[in-house]
J.: 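Below you'll find the structure I mean.
Start at 1 with the first residue, then count along the sequence.
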Amino acid sequence: MQPVFETMTFPFGDVRRRHAPLKSSTLLTLPETVRPDTILACTTCPAGSWYHDEAGLVCYCRERRYVSWLPEQKAIVLCDDREQVLMELNQPDDG
């Protein structure tokens, strides 16, 4: 199966990244108006572990092992770990 890419526009030009659907059960339970924008790499990253505590929505990155997003942070829009995890998921199973 061929990966699908999406184009993102930056001040320096266009960049392609792998397209991934939103799969987080935590994010999917929230109204769309509360979810972070899909431009945020963590929103569609399989390594992102989302939770909502009393302070708000948080994403913990299982690949980097740290909190990768809080509402007051700037968005990570490109991430090597996201691309690597998506590429690995797209590999044919050798079993």
Side-chain angles (χ1 to χ4, degrees):
M1 183 163 138
Q2 290 283 30
V4 177
F5 290 88
E6 56 194 16
T7 301
M8 302 177 67
T9 301
F10 291 93
F12 54 81
D14 291 345
V15 175
R16 285 179 6 136
R17 73 174 186 182
R18 290 177 186 273
H19 172 78
L22 177 61
K23 291 189 175 181
S24 163
S25 58
T26 296
L27 293 181
L28 288 170
T29 61
L30 297 172
E32 285 187 43
T33 56
V34 179
R35 294 180 201 159
D37 194 313
T38 56
I39 193 170
L40 173 66
C42 303
T43 304
T44 56
C45 180
S49 179
W50 289 89
Y51 63 95
H52 197 292
D53 62 17
E54 59 190 36
L57 191 60
V58 179
C59 184
Y60 177 81
C61 179
R62 292 187 305 267
E63 287 293 310
R64 293 184 176 251
R65 297 188 175 115
Y66 80 121
V67 172
S68 58
W69 186 82
L70 294 166
E72 61 274 3
Q73 281 182 238
K74 291 184 178 179
I76 298 170
V77 294
L78 297 170
C79 177
D80 287 344
D81 291 319
R82 176 189 183 272
E83 299 305 305
Q84 182 65 35
V85 170
L86 289 170
M87 185 177 67
E88 289 169 3
L89 289 174
N90 200 36
Q91 295 296 320
D93 196 8
D94 290 338

J.: Are the side chains of Val4 and Arg18 in contact, using a 4.5 Å heavy-atom criterion?
T.: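 No, their side chains stay 4.5 Å or more apart.
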J.: Applying the 4.5 Å side-chain criterion to the ILVMFWY set and letting contacts propagate, would Leu22 and Leu40 be lumped into a single cluster?
T.: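 In one cluster: yes.
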J.: Would a distance-only check, ignoring hydrogens and angles, find a side-chain to backbone donor-acceptor pair under 3.5 Å from Glu83 to Asp80?
T.: no
J.: Mind checking whether Thr26 and Tyr51 have side chains closer than 4.5 Å, heavy atoms only?
T.: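 The answer is no, as the side chains (C-beta and beyond) never meet within the 4.5 Å cut-off.
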J.: Are Val67 and Ile76 joined in one hydrophobic group, where the rule is that I, L, V, M, F, W and Y side chains link up if heavy atoms are under 4.5 Å apart?
T.: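 No, it is not one cluster - the side chains of Val67 and Ile76 are not joined through contacts under 4.5 Å.
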J.: Do Ser68 and Glu63 have side chains that approach each other closer than 4.5 Å (heavy atoms only, starting at C-beta)?
T.: no
J.: Tell me, please, which residues at least two apart from Ser25 pass side chain to side chain contact (heavy atoms under 4.5 Å, CB included).
T.: none
J.: Is it true that a side-chain atom of Arg16 and a backbone atom of Phe5 form a donor plus acceptor pair closer than 3.5 Å?
T.: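 Judged by distance alone, no pair lies under 3.5 Å.
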J.: Do Val34 and Trp69 share a hydrophobic cluster (ILVMFWY, side-chain heavy atoms under 4.5 Å, transitive)?
T.: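 Per the 4.5 Å side-chain linkage, Val34 and Trp69 are co-clustered.
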J.: Measuring from Cys42:SG to Leu27:CG, what's the distance to the nearest 0.5 Å?
T.: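 Cys42 atom SG to Leu27 atom CG measures 10.0 Å (nearest 0.5 Å).
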J.: Under the 3.5 angstrom rule, does the side chain of Asp53 hit a backbone N or O of Gly56 as a donor-acceptor pair?
T.: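 Here the side-chain-to-backbone pair exists.
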J.: If two hydrophobic side chains count as joined below 4.5 Å and joins carry through other members, does Leu57 share a cluster with Leu28?
T.: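 Per the 4.5 Å side-chain linkage, Leu57 and Leu28 are co-clustered.
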J.: Between Phe10 and Val15, is there a side-chain heavy-atom distance shorter than 4.5 Å?
T.: yes
J.: Give the intermediate values and the outcome of side-chain contact (heavy atoms from CB on, under 4.5 Å) for residues Arg35 and Ser24.
T.: CA-CA 11 Å; Arg35 294 180 201 159; Ser24 163; over 6 Å; no
J.: Whether Arg17 and Glu6 form a salt bridge (side-chain N of Lys/Arg under 4.0 Å from carboxylate O of Asp/Glu) is what I want to check.
T.: yes
J.: With sequence neighbours left out, write down each residue that passes side chain to side chain contact (heavy atoms under 4.5 Å, CB included) with Pro46, or none if nothing qualifies.
T.: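 Checked Pro46 against side chain to side chain contact (heavy atoms under 4.5 Å, CB included); matches are Val85, Leu86, Leu89.
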J.: Will you find, in the side chains of Thr7 and Asp14, an N or O donor that is under 3.5 Å from an N or O acceptor?
T.: no
J.: Answer yes or no: does atom CD of Glu72 have more than 12 heavy-atom neighbours from other residues, nucleotides or ligands under 6.0 Å?
T.: yes
J.: Looking just at side-chain N and O atoms, do Thr44 and Arg82 make a donor-acceptor pair shorter than 3.5 Å?
T.: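 Thr44 vs Arg82: donor-acceptor pair found between side chains.
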